Amino acid sequence: MHDLAFIRSHPGEFDAGLQRRGAEPAADRILALDARRREVTTRLQEAQSRRNEASKAIGQAMGKGDTETAESLKAEVAQIKQAMPALEEEDRALGAELHDLLAALPNIPAEDVPEGADENANVELSRWGTPRSFDFDPQEHADLGPPLGLDFETGTALSGARFTFLRGRMARLHRALGQFMLDHQTGENGYTECAPPLLVHEEALFGTGQLPKFAEDNFQTTDGRWLIPTAEVSLTNAVREQILEDAALPLRMTALTQCFRSEAGAAGRDTRGFIRQHQFEKVELVSVTRPEDSAAEHERMTQAAEGVLQALDLPYRKMLLCTGDMGFTAQRTYDLEVWLPGQGAYREISSCSNCGDFQARRMAARYRPDGEKKTRFVHTLNGSGLAVGRTLVAVLENYQQADGSVAVPEVLVPYMGGVTRLEPQP
RNA sequence: GGACAGGUGGCAGAGUGGUCGAAUGCAGCGGUCUUGAAAACCGCCGAUGCGCAAGCAUCCGUGGGUUCGAAUCCCACCCUGUCCGCCA
């Protein structure tokens, strides 16, 4: 959600930002609506003011027993009130129209975000690790996984496409990854472990920007709640409508949760394998900071996500997303892409975004700077640290052996009860 | 799910039709005193919108309604507490 005051004072800059994202300019429409709305609001408030004044006078007159004056004042108020219902309705309607218009506009990219239409314009910033050289043809996880307990058939039979059933050591490895990541983020990076609801109100999805524009990407329950598409929703909205103490910032929260996505717009993409599921696990990182601290926090958060890949010894590259590939709420986003030898490609495994005050405005999440009277909006950041399912894919493909078995990365062995290898079951 | 009780400022807690955005206490901020601190005393101290400002408007769980006027009366809903039932 954008700051109306900013749009009023910098309409050109605002439209330029939207245009960089490939969105239509909107300042003219917004400002015209805003002007009409304020005109109506002022007229309404003037009427209210006169009504309040007269009502007070009625109270005073009646206190003195001056019934005559009271009655004539009542007649005057009745006159004033005639115009009010229409003004109230117009004010409400214009306010709603303005709100809906603003709510549908994406965040403005930060200045150093490269311009571009799609992922081809993303900029590679760095690479870590050396892709392993194989003395055999590395398989894709969808081929090497099934004998190891990655059961796509049963998942599909139970729930349809994009659901998978994990068995035996495969299920254990999946759990081990989630536990390891959560321990890593709480132990190494100072995030507070959280276990939030997975079912949330509509307002929560509005706050983090999934609604109103992306309703079809999410699952709704029969009683009007929504399944979270990411723990970003639950963790970020934990500060909604709050005024935080300066000293409480930064807030760093993490959670290992299931995530649910209808993948409405992804027909035909990654239909094979474990990459794109309707239900998956993810360790999410959320930070709430002072405005001046969010840029540094963004770097810190991305390093926290990178730390997991490094601990697992998985080669990856770090991308700065271009304007056309960023999410709706992001000001600036780093993607981490892990090397998948079976696919021979780097694939997204983490996305770390600085949302600035965009979500904070939608949530009314504020803080009071030390010694100041006015509140300010916080900045919010979110990142994956990491997506568990895709990390499982990466481990399978990078640690596969010629005989179809998969070695367990060293840091996971304690989480596997000492098991060091996944063996194919006939 | 049933019965009862209740939702007021950061917290606690008054207020049941008029000058109440709201007593009081605690917390917080500023000051006096003090070598310093504590105590004591004095003052300030909710949010949002519009406005250069003065100020005006809105907000007492949410949404409607009654009234010249609603924190206060009426209706619906949401939430919390207690007891009962049920359940992991």
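We name chains A, B, ... by the order of the sequence lines, and we start the count at 1 in each one. Just so we're clear, the structure is a prediction, and the values are computed from it rather than from any experiment.
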For the [atom1] atoms, the ones on [N] and on [M], what distance do you get once it is rounded to whole angstrom?
| N | M | atom1 | answer |
| --- | --- | --- | --- |
| G43(B) | C50(B) | P | 34 Å |
| G7(B) | C11(B) | C1' | 15 Å |
| U8(B) | A57(B) | P | 26 Å |
| C59(B) | G65(B) | P | 13 Å |

Self-check item: Aromatic ring proximity His141(A)/Phe274(A), centre distance under 6.0 Å
Solution: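 No, they do not, as the ring centres are separated by 6.0 Å or more.
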
Quiz item: Does U80(B) have a Watson-Crick or wobble mate here (both distances under 3.5 Å), and if so which one?
Solution: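 Base-paired to A5(B).
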
Quiz prompt | Watson-Crick or G-U wobble partner of U58(B), both distances under 3.5 Å | solution =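 When the pairing criteria are applied, A47(B) turns out to be the nucleotide that pairs with U58(B).
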
Exercise. Using a 4.0 Å heavy-atom cut-off across all strands, classify Leu73(A) as base, sugar-phosphate, or nothing.
Key: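 Result for Leu73(A) = nothing.
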
Quiz item: Quick one: do Glu46(A) and Arg43(A) make a salt bridge, cutoff under 4.0 Å?
Solution: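 No, this pair does not count.
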
Quiz prompt | Separation of atom CG in Asp91(A) from atom P in A57(B), rounded to whole Å | solution =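 It is 15 Å, rounded to the nearest whole Å.
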
Quiz item: For the pair made of CG in Leu33(A) and P in C50(B), what is the distance, rounded to whole Å?
Solution: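 Rounding to the nearest Å, CG of Leu33(A) and P of C50(B) are 15 Å apart.
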
Self-check item: Upstream residue (5' side of RNA chain B) when Ser49(A) and Arg8(A) are each assigned their closest nucleotide
Solution: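 Upstream on the strand: Arg8(A).
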
Quiz item: Quick one: on RNA chain B, does Asp34(A) or Ile243(A) contact a more 5' nucleotide (nearest heavy atom)?
Solution: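 So the residue in question is Ile243(A).
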
Exercise. Could you check which of G18(B), G49(B), U58(B) has an atom nearest any side-chain atom of Ile58(A)?
Key: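 Selected nucleotide: G18(B).
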
Quiz item: Counting side-chain heavy atoms from CB outward, which of G69(B), A47(B), A57(B) is closest to Lys81(A)?
Solution: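 Between G69(B), A47(B), A57(B), the one nearest the side chain of Lys81(A) would be G69(B).
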
Quiz prompt | Under 4.0 angstrom between Arg37(A) side-chain N/O and C50(B) OP1 or OP2 | solution =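 Arg37(A) to C50(B) OP1/OP2: no side-chain N or O under 4.0 Å.
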
